[in-house]
Amino acid sequence: MLAACSGANKEKPAPSSTNQGSSNGGNDSGKSEGLTGDFEIQYFVGGYGDTWWKHVIGEFQKQNPNLNIKQTAGSQINDQMRPRWIQGNPPDFVYIDGAGSNEAQMVTDEQLLDLTDFLKGATNGDGEKILDIAIAGPTDYSGKNFTLPLVFGSWGTFYDKAWFKQQGWDTPTDFESFMAVSEKIKASGVSPYIHTGVYPYYINGGLVNSAIVAANGGDTSIISRMASLEEGIFKSEPVMKALNRIVQVRDAGFVDPGAIALNHTDSQMAFLQHKAAFIPNGLWLENEMSKDVPEGFEFDFIPSVMQDKGEKYVAIPYTASVAIAAKAKNQEAAKAFLEFIFTKQFAVDWAEMTGAIMNVKADLENSTAGPVVKTAMNYFNSDNLVVAPALIVNADVETALQDSIIALLDKRITPEEWGDRLEKAAAAAR
């Protein structure tokens with residue numbers, strides 16, 4: 001579903017000029033000059049298109065004219081390349097995204113190079129440490145890193161900025177103000193909050209998980225503890241506090257009861273038609289619904305609304321990563337390419353060409369990126385936000401998470417019973 005939704009992003013053409021300032025990675029340090037041999041890059045082509053990839057690969061080729069670069073790409077590339085990965089003849093560098101890809105499985109199958117030490121000292125051509133400018137750090141696999149997020153998307157709460165201004169409704173900055181404005185919205189005859197009940201991971205990502213981090217004092221490690229299925233974590237005090245806040249929202253009548261039966265398109269159309277004021281969603285929403293947006297509608301984005309007054313916003317991400325094959329034939333070129341692409345200028349290029357955000361803290365204000373992407377990046381560049389890891393669990397636990405939040409919203413279970421269900425699913429998975 002995430003691949004399908006992000007597939008609505010509108011790919012924009014590459015800049016007509018190659019004079020992009022540091023768009024060549026600013027790579028004047030000689031770090032990637034003089035590379036030779038064969039170098040193969042595998043990347044999935046979906047909603048983000050391939051313009052950016054051809055752009056950065058072309059710039060890398062200019063820096064390394066004696067390097068024989070092969071691009072292995074397409075919408076079915078993951079299935080097409082699977083036999084080569086299994087046979088131990090993979091490409092050197094891989095972008096892990098799209099149908100048929102599974103980062104965690106590749107790590108389990110020992111297909112990816114351990115990048116832990118490399119990433120600690122990796123710098124781009126502008127002399128910046130990559131981990132210092134990355135919005136989200138690499139995924140932790142028992143203390144080791146095998147991938148680095150390239151695409152950074154965030155769940156959050158969306159609303160019509162123009163409509164709110166017209167109605168005199170304040171944009172919420174915390175749980176208290178969210179409840180206050182929702183009361184005003186409800187009094188006007190509009191449902192404050194709608195969601196995609198058929199696909200509950202929207203409300204889990206856009207509301208529940210950020211509520212859990214906020215209830216844990218902004219400490220994002222609780223998401224990692226949930227992902228590792230730590231015994232008792234799903235009934236811990238922060239989780240119960242967060243779920244009780246969800247119940248408060250529910251019992252105040254702020255959640256549209258009909259949302260449980262809606263898919264993403266139906267709920268998003270109701271939102272666009274002002275049948276509801278808020279909706280949890282991903283940053284692809286504006287592009288996905290671009291053909292249906294009413295005149296005068298102004299999308300705006302809030303990372304989270306469940307934190308206490310004065311506490312930081314919480315970003316719950318969805319990412320797509322890059323990695324180097326454990327059996328890469330040209331590890332030197334692969335590492336140089338990874339450092340080459342992680343620059344702020346290439347991040348601006350990504351935003352302009354794909355309508356999405358690259359995992360680099362860059363200034364997009366003077367770019368042609370869309371308003372929601374710019375707003376989101378302003379949050380990500382702020383010190384008033386914490387970025388949690390993505391909550392990745394096995395299929396059975398994921399099913400329990402989705403079924404249980406719907407049961408909670410439908411008043412069929414209590415927060416404690418939600419915890420019981422998840423502890424049972426986690427125990428079975430362990």
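Please read these numbers as outputs of a predicted model, since none were measured by experiment.
- Pairs of residues two or more places apart, or lying in two chains, that qualify as salt bridge (charged side-chain N to carboxylate O under 4.0 Å, His left out) and include a residue from residues 414-430 are Lys235-Asp420.
- Lys165 pairs by the salt bridge (charged side-chain N to carboxylate O under 4.0 Å, His left out) definition with nothing, not counting sequence neighbours.
- When the side-chain hydrogen bond (donor to acceptor under 3.5 Å, both in side chains) test is applied to Thr171, the partners found at least two apart in sequence or on another chain are Tyr159.
- In terms of the side-chain hydrogen bond (donor to acceptor under 3.5 Å, both in side chains) criterion, Asn244 has no residue partners (sequence neighbours excluded).
- Scanning for side chain to side chain contact (heavy atoms under 4.5 Å, CB included) contacts around Asp256 gives Ser191, Ile194, Ala259, with sequence neighbours left out.
- Partners of Ser221 according to the side-chain hydrogen bond (donor to acceptor under 3.5 Å, both in side chains) rule, which considers only residues two or more places apart in sequence or in another chain, are Asp219.
- The shortest distance between side-chain heavy atoms of Ile341 and Leu150 falls below 4.5 Å.
- Pro200 meets the side chain to side chain contact (heavy atoms under 4.5 Å, CB included) test with Gln402, Ile405, Ile406; sequence neighbours excluded.
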Please output the side-chain donor-acceptor pairs of residues 203-210 that fall under 3.5 Å, not counting sequence neighbours, one pair per line with the distance.
{"unit_1": "Asn204", "atom_1": "ND2", "unit_2": "Leu401", "atom_2": "O", "d": "3.4"}
{"unit_1": "Asn209", "atom_1": "ND2", "unit_2": "Asn204", "atom_2": "O", "d": "3.4"}
{"unit_1": "Ser210", "atom_1": "OG", "unit_2": "Leu207", "atom_2": "O", "d": "3.1"}

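- Take Lys129 and apply the side chain to side chain contact (heavy atoms under 4.5 Å, CB included) test, not counting sequence neighbours, and it matches Thr123, Asp132.
- Aromatic ring centroids of Tyr48 and Trp53 lie 6.0 Å or more apart.
- The side-chain hydrogen bond (donor to acceptor under 3.5 Å, both in side chains) check on Asp114 picks up Thr116, with sequence neighbours excluded.
- Partners of Ala162 according to the side chain to side chain contact (heavy atoms under 4.5 Å, CB included) rule, which considers only residues two or more places apart in sequence or in another chain, are Asp160, Glu298.
- Evaluation of the ring-ring contact (aromatic ring centres under 6.0 Å, His included) rule for Phe342 yields no partner, not counting sequence neighbours.
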